[in-house]
There are 2 protein chains.
Amino acid sequence: MTEARRDRRAERHAATRQEIVAAAWALARERGLGGWALRDVAEAVGMRAPSLYVYFDSKNALYDAMFGDGWRQLLERYDELDATAPVAAPRDLLRRGAAVHFEFCVEDPARFQLLFLRSVPGFEPTGETYAVARQVLERGATVLAAAGAGEPAQVDLWTALLTGLASQQISNDPGGDRWQRLVDPAVDMFLAAQPRR
Amino acid sequence: MTEARRDRRAERHAATRQEIVAAAWALARERGLGGWALRDVAEAVGMRAPSLYVYFDSKNALYDAMFGDGWRQLLERYDELDATAPVAAPRDLLRRGAAVHFEFCVEDPARFQLLFLRSVPGFEPTGETYAVARQVLERGATVLAAAGAGEPAQVDLWTALLTGLASQQISNDPGGDRWQRLVDPAVDMFLAAQPRR
DNA sequence: GTCTATAGAATGATAGAC
DNA sequence: GTCTATCATTCTATAGAC
């Protein structure tokens, strides 16, 4: 087996890429998902716009990296939840998962738009980054299955419910809790409709 | 009482405004909510771009007119539903209302985005047009009340459910029926959770 | 890898003639 | 009310020096 030497240049390149993605997310939070130019991102990381093309082929390539990064952030939240409540009953875990998921959506509307609403005009996630999204959904489906709602239709209903609650909160009561208060009742409603196993 | 003479000039002006709004909707359907310029709308109605400013003060003013027009379209759908099933049982009416509402959302994603997701960067509906939106929501709340789910929290949960189903259908299965098939089960779930009166 | 310079194109909006 | 002409920006992306 070949003893691979660390490629310090590649590491540096990847670190800069991540720095750019983080700066873009910060701008998206402040000004909206489409409210910034490559110039702005460049300035935020101490560069000029053309230098970004060393790291990303286009603005959509940057959105793609943000897409993957955003789903990875959600995966981390799930990990933290598992670490906090490792042996909770399935339905309790689902309840807490719903709360975590809702909070994740609402705390950053721009991120919610990119990850769940696909609202950047010409952007479609590439296969690689979309795989991260699928990974997260499978993780959620596992929890649902443990709670007795693992059928595809049940999973789809669950995602619609959570997306709808978050979407309404963001669009119609930003900064408030009008739909947040409905998360627990919604989970109860959902669970009551599923046959217990 | 003053015998008001018809103001033919005002009528003509209003008709042209509506023509422009319709052309903008057509472009939004084809290219997305933000995928067209005032030039394009002007060309579609046989004008040059500056002439539009006789009818709208800005592009956002046009979005505002579209917003009001879109909600009025939804109101028409509700009227048609009432005309078709005037004496249906409340819960049956709710079921059919959900189907109509879902279809309305999915058949024009750009309209769904403007009316329900507020996804035009700098645009906020004015008070007058927002009043139309409230009117439609009250109409829905009335039907919900008749079905035994008229409390504000129940209405909010209902809107979240429908918005979530439509949003997921549009984002993750455009042209398909993966979430459409869940509308009826979702309504059943919702109704089962409400105490019958 | 980072820069300057700039291409190339699009856009919302205004001025003023007719 | 409609037009021509144009302003004033803004933005992504590329070329090529260093």
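Lettering follows sequence order; numbering is per chain, from 1.
Here the P atom of nucleotide dT4(D) and the CZ atom of Arg48(B) are 4 Å apart, to the nearest Å. Remark: P of dT12(D) and CG of Leu62(A) are 10 Å apart, rounded to the nearest angstrom. Atom CH2 in Trp36(B) sits roughly 17 Å away from atom P in dA10(C) (whole-Å rounding). The interatomic distance linking Arg31(B) (CZ) with dA10(C) (P) rounds to 12 Å, in whole Å. Rounded to an integer number of Å, the gap from Arg9(B) CZ to dT2(D) C1' is 14 Å. Separating the OH atom of Tyr53(A) from the C1' atom of dT12(D) is a distance of 4 Å, rounded to the nearest angstrom. Taking atom CG on Leu52(B) and atom P on dT4(D), their separation rounds to 13 Å, with Å as the unit. The CG-P distance, from Leu38(B) to dC3(D), rounds to 14 Å in whole Å.
Each of Asp40(A) and Gly46(B) was matched to the nucleotide of DNA chain D holding its nearest heavy atom; the match closer to the 5' end belongs to Gly46(B).
A salt bridge between Asp79(A) and Arg139(A) is present, with a side-chain N of the basic residue lying under 4.0 Å from a carboxylate O of the acidic one. For the pair Asp184(B) and Arg95(B), the salt-bridge criterion is not met [side-chain N within less than 4.0 Å of a carboxylate O]. Salt bridge status for Arg31(B) with Asp40(B): present, with a side-chain N to carboxylate O gap under 4.0 Å.
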Scan the side chains in residues 110-118 of chain B for donor-acceptor partners under 3.5 Å anywhere in the protein, sequence neighbours excluded, and list what turns up.
{"unit_1": "Arg111(B)", "atom_1": "NH1", "unit_2": "Gln73(B)", "atom_2": "OE1", "d": "2.5"}
{"unit_1": "Arg111(B)", "atom_1": "NH2", "unit_2": "Phe104(B)", "atom_2": "O", "d": "2.8"}
{"unit_1": "Arg111(B)", "atom_1": "NH2", "unit_2": "Glu107(B)", "atom_2": "OE2", "d": "2.9"}

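Under 3.5 Å, the side chains of Gln194(A) and Gln154(A) contain a donor-acceptor pair of N or O atoms.
Arg17(A) places a side-chain N or O within donor-acceptor distance of the main-chain N or O of Tyr55(A), the cut-off being under 3.5 Å.
Contact check, Arg39(B) against dG12(C): no side-chain N or O comes under 4.0 Å of OP1 or OP2. Under 4.0 angstrom from either OP1 or OP2 of dC3(C) there lies at least one side-chain N or O belonging to Ser51(A).
Using a 4.0 Å heavy-atom distance criterion, Tyr55(B) is classed as a sugar-phosphate-only contact.
Annotation: proximity of residues 11-28 of chain A to DNA chain D (heavy atom, distance under 4.0 Å) is found for no residue.
Residues that satisfy the side chain to side chain contact (heavy atoms under 4.5 Å, CB included) test with Ala131(B), not counting sequence neighbours, are Arg134(B).
Distance from the side chain of Pro50(B) is smallest for dT4(D) among the nucleotides dT12(D), dT4(D), dG12(C).
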